[in-house]
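Contents: one structure, followed by commentary.
Values below: all heavy atoms of this structure, side chains included; hydrogens, waters and symmetry mates excluded. Letters go in sequence order (proteins before strands), and every chain restarts at 1.
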Amino acid sequence: MHDIKAIRQNPEIYDKAWARRGLEPQTITILDKDKLVRRALQVQQEAEAARNKASKQIGAAMGRGDKEAAETLKTEVAGAKNVIAMMGEQIDAEKTVLNDLLAALPNLPFDDVPDGADEDANVDIRKHGTPRTFDFTPKAHDDLGEALEMMDFETAAKMSGSRFVVLSGKLARMDRALSAFMLDIQTEENGYTEHVPPFLVWPQALFGTAQLPKFEDDQFKTTTGHYLIPTAEVSLTNIVRESIIDADTLPLRMTAHTPCFRSEAGSAGRDTKGMIRQHQFNKVELVSIVKPEDSAAEHERMLGCAEEILRRLELPYKVIELCTGDLGFGARKTYDLEVWLPSQNTYREISSISNCGDFQARRMNARYKHAEKDNRFVHTLNGSGLAVGRTLVAVLENFQNQDGSITIPDALLPYMGGVKVIK
RNA sequence: GGAGACGUGGCCGAGUGGUCGAAGGCGCUCCCCUGCUAAGGGAGUAUGGGUCAUAAGCCCAUCGAGGGUUCGAAUCCCUUCGUCUCCGCCA
């Protein structure tokens, strides 16, 4: 959510930043509405003051038995109430328009974010590891999994349709092993506190992290009005909603291993094969709540925490920085981690790490005590550390052997219960 | 799922239609007193918003949230969320 006061003061900053994301100037419309709201508010408040005053006088008049005066005053109040109601309607209508407008506008990219229209303009930051050279043609993860009879898309389709999978045996175990491995590193080494949050949330929680109102179509909604979380970012970040945090408890670093549910509306035809794009997948999520002045450094730190998993698993990856055109709605700056997939001969996204500034904090009213009588909005950051399903895909493809077996990476061995090779 | 009770400021807790943004206590801040890690006295101590110089002042709203009744609501009514108790059910 955007700070209307800040827009009033520096509209050009907003229009410039939105232009970098390909948007038309917005502030003229916004400030116009804002002016209308405030003008009506003034009129309404004056009427309210008049009503309050007259009402008190009625009380006094009744006290001394002056019914005539009371009646006159009642007429006065009735007039004021008319004005209040009329203005109220006007204010509600205009405020709704204004809020809808503000809620649907994306966050401002930081100055140092590269300009660009789409993902082609994303910038490579660095590469780590060298893709392995195979002396055979590497197979796709789903071919490997199906051949092992531990990855079954057909069976999943019978009960749930497309974009679902049943993992079994050693591959199911590997999903669990990866999750435990990631959680252990993030909690024991990187200082994140483990959480088990709700997987079903109310719309206001999704509004807080900015999946709503714009991305309703990407969510699964239940008959009770709950939504299945598309990422634990929603649950973890909303832990601080409507609260005022003591400054010395910051930064808050939280992690959770949860399933994620995405309708994938609009991605029909994309990644239809295999486990890359599913309606349901597991993910270890990282969320940091920090003071504004710490968010840039925290962003770099969080990137390192996510990278650490790939390094330990010996998976080749690269770090890219998203350009303005590819930046997510709530983000001011985002790094993506892309892992090497031999079968596709390319790097594919496995983690996204974003600094949202105070954007989400405003939407959920999450503040910290900056000084006596001065509460400020926190900054929120989130990142995958990592997407478990895609990590499993990467392990299968990068550690496959010619006979279709999978060698378990050393780092994962302690979690695999003695299994060294899946065959 | 059934029956009932409750939801007030940082905390505890009064308040059942008017002068209540809200008594009192605790906590906290400042001052005074006190020759001292105590006691006492005094003052202050919510949030959001409008006006405005992002001052002072004035004004509006907020007693879980939303709506209603009323000239007037923390107080009455409805809806909703949450907490607690009993019964039922269940992993």
For this session: Could you verify whether a donor N or O on one side chain and an acceptor N or O on the other, from A:Gln26 and A:Tyr14, lie under 3.5 Å apart?
Result: no
Exercise. Among all residues two or more places apart in sequence or in another chain, which pass the side chain to side chain contact (heavy atoms under 4.5 Å, CB included) test with A:Asp32?
Worked result: none
For this session: Indicate whether the side chain of A:Tyr415 and that of A:Arg176 have a donor and an acceptor atom separated by less than 3.5 Å.
Result: no
Show each protein N/O and nucleotides 82-84 of chain B N/O combination with a separation under 3.5 Å, one pair to a line.
none

Problem set entry | CE-CD1 distance between A:Met174 and A:Ile408, expressed to the nearest 0.5 angstrom | 4.0 Å
Exercise. Without hydrogens or angle criteria, can the side chains of A:Asp336 and A:Asn122 be said to hold a donor-acceptor pair below 3.5 Å?
Worked result: no
For this session: Write down the distance between CD (A:Gln204) and C1' (B:G64), rounded to a whole number of angstrom.
Result: 14 Å
Problem set entry | Whole-Å gap separating P (B:G49) and NZ (A:Lys95) | 10 Å
Exercise. Considering residues at least two apart in sequence or located in another chain, which fulfil the ring-ring contact (aromatic ring centres under 6.0 Å, His included) criterion with A:Tyr192?
Worked result: none
Exercise. Which part of the nucleic acid does A:Arg39 contact within heavy-atom distance under 4.0 Å: base, sugar-phosphate only, or nothing?
Worked result: nothing
Exercise. When we call it a touch if two heavy atoms are under 4.0 Å apart, what does A:Leu73 touch: a base, just sugar-phosphate, or nothing?
Worked result: nothing
For this session: Between B:C12 and B:U34, how far apart are the P atoms? Round to whole Å, please.
Result: 38 Å
Problem set entry | Side-chain donor-acceptor pair present, A:Thr407, A:Asn401, cut-off under 3.5 Å | yes
Problem set entry | Atom P, compared across B:U45 and B:G21: separation rounded to whole Å | 16 Å
Exercise. What pairs with A:Phe261 under ring-ring contact (aromatic ring centres under 6.0 Å, His included), at least two apart in sequence or on another chain?
Worked result: none
Problem set entry | Contact nearer the 5' end of RNA chain B, comparing A:Ile244 with A:Ala78 | A:Ile244
Exercise. List RNA chain B stems (3 or more consecutive Watson-Crick/G-U pairs, under 3.5 Å)?
Worked result: B:1-7 with B:81-87, B:10-12 with B:24-26, B:27-32 with B:40-45, B:46-51 with B:57-62, B:64-68 with B:76-80
Problem set entry | Reported CZ-to-CD distance for the pair A:Arg38 and A:Glu94, which is rounded to 0.5 angstrom | 12.5 Å
Problem set entry | Atom pair distance, as rounded to whole Å: CG in A:Asn365 and C1' in B:U47 | 10 Å
Problem set entry | P spacing across the pair B:C30 / B:U16, given as an integer number of angstrom | 37 Å
Exercise. How far, in whole Å, is B:A14 from B:C6 if one measures between their P atoms?
Worked result: 12 Å
Exercise. Is there a side-chain polar atom (N or O) of A:Lys74 under 4.0 Å from OP1 or OP2 of B:U70?
Worked result: no
Problem set entry | A:Thr209 and A:Glu233: side chain donor to acceptor below 3.5 Å | no
Mind listing the N/O atom pairs, protein and nucleotides 59-63 of chain B, below 3.5 Å?
unit_1: B:C60; atom_1: OP1; unit_2: A:Asn52; atom_2: ND2; d: 3.2
unit_1: B:C60; atom_1: O3'; unit_2: A:Glu48; atom_2: OE1; d: 3.3
unit_1: B:C60; atom_1: O2'; unit_2: A:Glu48; atom_2: OE1; d: 2.5
unit_1: B:A61; atom_1: OP1; unit_2: A:Arg51; atom_2: NH2; d: 2.8
unit_1: B:A61; atom_1: OP2; unit_2: A:Asn52; atom_2: ND2; d: 3.4

For this session: Using side chain to side chain contact (heavy atoms under 4.5 Å, CB included) as the criterion, list what pairs up with A:Glu194, not counting sequence neighbours.
Result: A:Leu183, A:Thr187, A:Thr255
Exercise. Which residues satisfy the ring-ring contact (aromatic ring centres under 6.0 Å, His included) test with A:Tyr335, sequence neighbours excluded?
Worked result: A:His299
Exercise. More 5' along RNA chain B: A:Val77 or A:Ile4, using each one's nearest nucleotide?
Worked result: A:Ile4
Problem set entry | Residues that A:Ala296 engages under side chain to side chain contact (heavy atoms under 4.5 Å, CB included), provided they are two or more places apart | none
For this session: Could you work out the separation of B:C20 and B:C77 based on their P atoms and round it to a whole Å?
Result: 24 Å
Please list, for nucleotides 16-21 of chain B, all pairs of protein and nucleotide N/O atoms separated by less than 3.5 Å.
unit_1: B:G18; atom_1: N2; unit_2: A:Ser55; atom_2: O; d: 3.1

Exercise. Taking atom P in both B:U75 and B:U70, what distance in whole Å separates the two?
Worked result: 16 Å
Exercise. Got a sec, which residues hit side chain to side chain contact (heavy atoms under 4.5 Å, CB included) with A:Ala265, two or more places apart in sequence or on another chain?
Worked result: A:Asp217, A:Asp218, A:Ser263
Exercise. Taking atom C1' in both B:G68 and B:G9, what distance in whole Å separates the two?
Worked result: 27 Å
Exercise. When the P atoms of B:G64 and B:C71 are considered, how many whole Å apart are they?
Worked result: 25 Å
Exercise. What pairs of residues pass the ring-ring contact (aromatic ring centres under 6.0 Å, His included) test when at least one of them lies in residues 158-179 of chain A, not counting sequence neighbours?
Worked result: A:Phe164-A:His279
